[in-house]
Protein chains: 2
Amino acid sequence: MQNRRSEIVEVARSLFARSGYQQASMSEIIAATGLSAGAIYNHFSSKTELMSAAARVNLDRFTASSDELPWDFVERCLRELQTDHQLTRFFAITWGEAATVPEIAAVVDEQLGQLRDRVIAVYRRWAEAELDLTGSELETWLDMLAAAVLSVFTGFVMQSTALANFDAERYFEFARTILRQG
Amino acid sequence: MQNRRSEIVEVARSLFARSGYQQASMSEIIAATGLSAGAIYNHFSSKTELMSAAARVNLDRFTASSDELPWDFVERCLRELQTDHQLTRFFAITWGEAATVPEIAAVVDEQLGQLRDRVIAVYRRWAEAELDLTGSELETWLDMLAAAVLSVFTGFVMQSTALANFDAERYFEFARTILRQG
DNA sequence: GTCTATAGAGCGATAGAC
DNA sequence: GTCTATCGCTCTATAGAC
């Protein structure tokens, strides 16, 4: 049953987000679902499989609406992160885990790729209407901008998670400055 | 003995960098040092203490020389990371762990703070010679620039660790562009 | 300061009944 | 599909001799 699977994943994700992937034990997760070991292992063959399912977060909130200006889109993403500190923490935990668990690395690569594609789409739409670039100039420009936006995004996650005196508003200011220049 | 302590820390760090903090076991570390459990626990009272000692990396390679231009300094830091992929990985692992282990969070905060201080110092030196800003304008400008540089730095670590198709040269290009503008 | 040996707890995963 | 019970292993940390 597909629904039971998502129930388990959601419970597991919230424990991974609180304690970390390794520190959250299967027993805790099992207890938190209200099910039993046998039930969980009927849906997931190992803890690693459950981990990578939990890492695959729904990114719909980070999709551009069709009439958004590129920098408004990026700022909206950042503010989304700011209001959901648990999600930000979970990204940081997941990206760190990706360095040692290949199954999670694959998910992170896929998800940052999705984010990148969306960034490129919204900037392309804008650039085609407003800028006068040749085809290859445009592609180079988009590549660089995607690196910039991903950097702003990952930078926000890392700094807001790791720095005691992080100032989000100053960070937005910096992001706005670099993303408007084109 | 202080020297024995550093020996142990170095061995532990290389195992943490390879497998992650939780996945590297005390037994592995003990075996790799060639010592015994008793010897290690004579120098460190717990695995967590050893972890936070290992997290405190020597950052001298990321210090500005007194005649460097700010963007040259930043680019040199990035190229330093590029040539030492094990260190980059280790940063990613450590920052992720910081989200769940307070003792590591304290070290990361301290180290990113150090990096920030150095960035500010080198930009301040340059700005005082080349720009004409009032005192408070200068401080605001430096704050924003520090956020930018930290973002470029953490972004490089995350993206080069997590993205399969990461293009370092394009990243440098983006970094150069935003850090020259002032 | 370092050794050997082991305590004591918790882990991920499985077997087999229902 | 879910349960109970438990296997077999590994983990961090300590005790006590030297």
Side-chain angles (χ1 to χ4, degrees), chain A residues 1-56 93-94 96-107, chain B residues 1-56 93-94 96-107:
Chain A
M1 189 135 293
Q2 192 60 25
N3 234 7
R4 187 39 68 87
R5 227 186 112 96
S6 342
E7 273 175 44
I8 298 169
V9 168
E10 247 173 89
V11 169
R13 181 181 297 129
S14 86
L15 290 183
F16 291 148
R18 178 179 314 157
S19 322
Y21 284 97
Q22 306 299 328
Q23 293 96 325
S25 71
M26 287 304 284
S27 330
E28 284 180 84
I29 294 167
I30 289 158
T33 56
L35 297 171
S36 64
I40 270 68
Y41 279 96
N42 183 54
H43 293 276
F44 300 90
S45 70
S46 68
K47 184 180 178 182
T48 302
E49 195 183 313
L50 181 52
M51 281 162 53
S52 80
R56 195 171 284 106
I93 291 174
T94 302
E97 206 67 20
T100 55
V101 182
E103 290 87 348
I104 295 195
V107 175
Chain B
M1 189 137 292
Q2 191 59 26
N3 234 7
R4 188 38 68 84
R5 230 186 109 97
S6 339
E7 273 174 44
I8 298 169
V9 168
E10 248 173 88
V11 169
R13 181 181 297 129
S14 85
L15 291 183
F16 290 148
R18 177 178 315 158
S19 322
Y21 284 97
Q22 306 299 327
Q23 294 96 323
S25 72
M26 287 304 284
S27 331
E28 285 180 86
I29 294 167
I30 288 159
T33 57
L35 297 171
S36 66
I40 269 68
Y41 279 96
N42 184 54
H43 293 277
F44 300 90
S45 70
S46 69
K47 184 181 179 182
T48 302
E49 195 183 312
L50 181 53
M51 281 161 55
S52 80
R56 194 171 285 105
I93 291 174
T94 302
E97 206 67 19
T100 55
V101 182
E103 290 86 348
I104 295 195
V107 174

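When distances run from any side-chain atom of Tyr41(A) to the nucleotides dA13(D), dG12(C), dC11(D), the shortest one goes to dG12(C). For Asn42(A), taking side-chain heavy atoms from C-beta onward, the closest of the listed nucleotides dT2(D), dC11(C), dT12(D) is dT2(D). Nearest to the side-chain atoms of Ala37(A) among the listed nucleotides dT2(D), dC11(D), dT14(C) stands dT14(C). The side chain of His43(B) sits closest to dT2(C) out of dT2(C), dT12(D), dT2(D). Checked against dG12(C), dC3(D), dT2(C), the side chain of Arg4(B) finds its nearest nucleotide in dT2(C).
Rounded to whole Å, atom P of dT4(D) lies 12 Å from atom CD1 of Ile40(A). Rounding to whole angstrom units, CD1 of residue Ile30(A) and P of dG12(C) are separated by 8 Å. Distance Tyr21(A) OH to dG12(C) P: 15 Å, rounded to the nearest Å. Atom CD in Glu49(A) sits about 10 Å away from atom P in dA13(C), given to the nearest Å. Counting to the nearest Å, the C1' atom of dC9(D) and the CE atom of Met26(B) are 19 Å from each other. Atom CG in Asn3(A) sits about 11 Å away from atom P in dT2(D), given to the nearest Å. In this structure, the CD atom of Glu7(B) is 13 Å from the C1' atom of dG1(C), given to the nearest Å. In this structure, the CZ atom of Phe44(B) is 12 Å from the P atom of dT2(C), given to the nearest Å.
No option in Thr48(B), Thr94(B), Leu50(B), Thr100(B) other than Thr94(B) meets the side-chain contact (heavy atoms from CB on, under 4.5 Å) test with Tyr21(B). With Val11(A) as the fixed residue, the side-chain contact (heavy atoms from CB on, under 4.5 Å) test singles out one of Thr33(A), Ile40(A), Leu35(A): Thr33(A).
In this structure the side chain of His43(A) never reaches within 4.5 angstrom of the side chain of Val9(A), judged on heavy atoms.
Between Ala32(A) and Leu15(A), the shortest heavy-atom contact is CB-CD1, 3.9 Å.
At the phosphate of dA13(C), neither OP1 nor OP2 sits under 4.0 Å from any side-chain N or O atom of Ser45(A).
Contacts of Ser46(B) with the nucleic acid, taken as non-hydrogen atoms under 4.0 Å apart, involve only primed sugar atoms and P, OP1 or OP2. Backbone-only contact: Ser25(A) has heavy atoms under 4.0 Å from sugar-phosphate atoms and none from a base.
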**Request:** Test side-chain contact (heavy atoms from CB on, under 4.5 Å) on Gln22(A) and Glu97(A) and set out the steps.
**Result:** CA-CA 9 Å; Gln22(A) 306 299 328; Glu97(A) 206 67 20; 2.5 Å; yes
